[in-house]
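The model shown is predicted, which means the values in this text are computed figures rather than measured ones.
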Amino acid sequence: MTRTALPPSVAFEAAENEGSNPSHGPTIGDLIATRLSRRDLVKGLAAVSVAAEALWPKALAAAPASGEEKGTASRFNFVELPIAPGSKTHHVAEGYDADILIRWGDAVLPDAPEFAPGKPDAAAQEKQFGYNNDFLGFIPLEGRSDHGLLVVNHEYTNGELMVPGLAPRSDKDSQFSGVTREIVDTEMMAHGGSVIEIRREGGKWSVVPGSRYARRITAETEMAVSGPAAGHARMKTTADPTGTRIKGMLNNCAGGVTPWGTWLTCEENFNGYFWGKAAAEPVTKEARALRRYGAPGEWYAWGRYHDRFDTLKEPNEANRFGWVVEIDPLDPTSVPVKRTALGRFKHEGAGNIVNGDGRFVVYQGDDERFDYVYRFVTDGKVDLANRAANKDLLDKGVLSVARFKADGTGEWLPLIHGAPNKDGQIWLSAQNGFEDQGDVLIHTRLAADMLGATRMDRPEDIEVDPKTGKIYLMLTNNAKRKADQTDAANPRAENLFGHIIEITPANGDHAAPAFTWEILLKCGSPAVAEVGATFNPATTENGWFGMPDNCAIDSEGRLWVATDGNSTKRTGRADGIWAIETDGERRATSRCFFQVPTGAEMCGPCFTPDLETFFVAVQHPGETEDDAPPSTFDTPSTRWPDFKDGIPPRPSVVAITRKGGGKIAG
């Protein structure tokens, strides 16, 4: 029996929506329902919801494009971009230029050959810009905003857009027919990340050729393992009996940049790269752990040519992925390090801040339906005067998981082996299957299940406002939430459009055990009362969106949100960047700034320190929309001639600048 082929982005989203969490703790939907009944009704938001069908269309039509409302000026000074559904190119707000900086296949290393579209070549790809760029981070050189290093994640590959005639998700019953060793090896080289040196001259950005900083990290790059899981029995393989050296990083989604100038790149859907589903799999601890992480997913043919991706041959290899990797872009000879103290799960990002007491705090989301939000606090303090002193800062600290309470408070539950909770109970113990701290971190999801953390609606990016210290959490969606999990105060069954939650640490202390939380907004069309969206009525018909994913908070404390999953069928718009007010009367007002081509995904927003350039990543352009009929995925070879010059568009990084200069939206 054959199965319909699916593009990788659809396969990934299906897996993220599938959910592997068997625990029965309260969902965020349950808590939102109670929270709204207690507080939002008092504030009058319920009245807005009841009247939405009548009021929102009028508000949308009347709201001025300039963003002025009730005499309160917007923090974002730009003319809102009109929605252009079905577009084959990107669009940016009036008064701005959006220039492609680098694309898949462009040279990164000085000796990279010229890009040859449609012809897989692993040796060439190892020196060229990788595929599906996601997280972007800018690291200034000599403190400059017009000269620096751009670090870029390459999350995954679309085989059907890289090789003519290759099905998007080849029929596994025919053992990935058409996928050759050269294709697999090229895909492996297209993963990982890139470091490029860039400079702005005459108002335009370009890549500095022959840069001594230029680097490609791939699925084969040697990496070190540090922290409590280094050398653990579950990290050892045939090729690495020490459990301290790993080849490559996989599915690197979002990330972060540290104050000492290193790059934190986060492994997400690593499970899809592994083979090894046995006909009669024994119910062992290891098998249960693999299933909790969705492995083996068998989305790629890598296990056909590389034994390390076959869990029946190398059962521990999957444990070596799903980590935060720290890379020093200023030293191209440095060995990337998988920092196991930060836990193993499907990391979306690594939003961070230096706490008031000098300790470094990293916030992380586990991007799957009904999974968790995490916080890591270092034991040591950041030394900004001595970069080398921070080298191993991330190896020692406390990883915690969030529990959200119905009264608007929350607590961080430490994931420490053998430590009693506030009631004196010890859950993370050998009796419950955790032999040591390495076990807790390798099986972070299982440990969080044990502590009763709050199951969330696909936690994605999470970032900290440098001005207020507030934390913004993107919850993309939860299509599987059942109607009996909602009530009149929370009509979000089959939550297709997601939420944004604002978290405030107790007393401004990011290491405190407690926090408070509020819903900033619920996404979706305000014009459809059943959706239950809560954008500010000042939001125009172009300003609302669904599926928040990545986000950036600029140095002025303004929130910018990138989306993943908007389409002509779901929302009548493409993915893009929206600017969101977080304070005052305009709180929860959103305005569209940038749109990607239909079928593409918006990723990687980041700014230069002077706010004069906004870098964004356009991922999988040319892919069929995720709500298209499945039959359109079966014959990708017929699609190549439909593209300009017979070549699909290439994932790219775009530099956005203001015409004539000046701050973005300033």
Could you tell me whether Arg445 sits above the aromatic face of Tyr293, with NZ or CZ closer than 6.0 angstrom to the six-membered ring centre and within 45 degrees of the axis? yes
Considering only heavy atoms from C-beta outward, does the side chain of His191 approach that of Thr157 to under 4.5 Å? yes
Cationic N near anionic O, under 4.0 Å, Glu126 to Arg215: no
Name all residues meeting the salt bridge (charged side-chain N to carboxylate O under 4.0 Å, His left out) criterion together with Glu267; count only those two or more places apart in sequence or in a different chain, and write none if there are none. Lys338
Aromatic Phe129 / basic Arg650 pairing, under 6.0 angstrom, 45° off normal: no
Checking Arg591 against Trp544: charged group under 6.0 Å from the ring centre and within 45 degrees of the axis? no
Hydrogens and angles aside, do Asn269 and Tyr156 bring a side-chain donor and acceptor to less than 3.5 Å of each other? no
Using ring centroids (six-membered ring only for Trp), state whether Phe274 and Trp302 fall under 6.0 Å. no
Let me see the working for Lys346 and Glu268 under salt bridge (Lys or Arg N to Asp or Glu O under 4.0 Å), right down to the final yes or no. CA-CA 4 Å; Lys346 295 182 180 180; Glu268 193 186 21; over 6 Å; no
With no hydrogens and no angle check, just 3.5 Å: does a side-chain donor-acceptor pair link Asn158 and Glu623? yes
Once side-chain contact (heavy atoms from CB on, under 4.5 Å) is applied, do any residues pair with Asp185, and if so which ones, sequence neighbours excluded? Ala122, Arg181, Met188, His306
Are side-chain N/O atoms of Asp97 and Thr657 paired as donor and acceptor at under 3.5 Å? no
Which word best sums up how the rings of Phe78 and Phe593 line up, parallel for under 30°, tilted for 30 to 60°, or perpendicular for over 60°? perpendicular
Any side-chain donor-acceptor pair under 3.5 Å between Arg344 and Thr444? no
List the steps, then state whether salt bridge (Lys or Arg N to Asp or Glu O under 4.0 Å) holds for Lys659 with Glu612. CA-CA 10 Å; Lys659 294 180 184 295; Glu612 291 199 1; over 6 Å; no
Could you tell me which residues satisfy ring pair (Phe, Tyr, Trp, His ring centres under 6.0 Å) with Phe614, sequence neighbours excluded, listed by chain and number? Trp560, Phe607
Gln595 and Ser87: side chain donor to acceptor below 3.5 Å: no
No-hydrogen, no-angle side-chain donor-acceptor test under 3.5 Å, Tyr472 and Glu502: yes
Would you name the heavy atoms of Gln364 and Val362 that are closest together and state the gap between them? CG-CG1, 4.0 Å
Taking Glu460 first and then Arg458, would you say they form a salt bridge - that is, a charged N and a carboxylate O separated by under 4.0 Å? yes
Ignoring hydrogens and angles, state whether a donor on the side chain of Asn477 or Asn495 is under 3.5 Å from an acceptor on the partner side chain. no
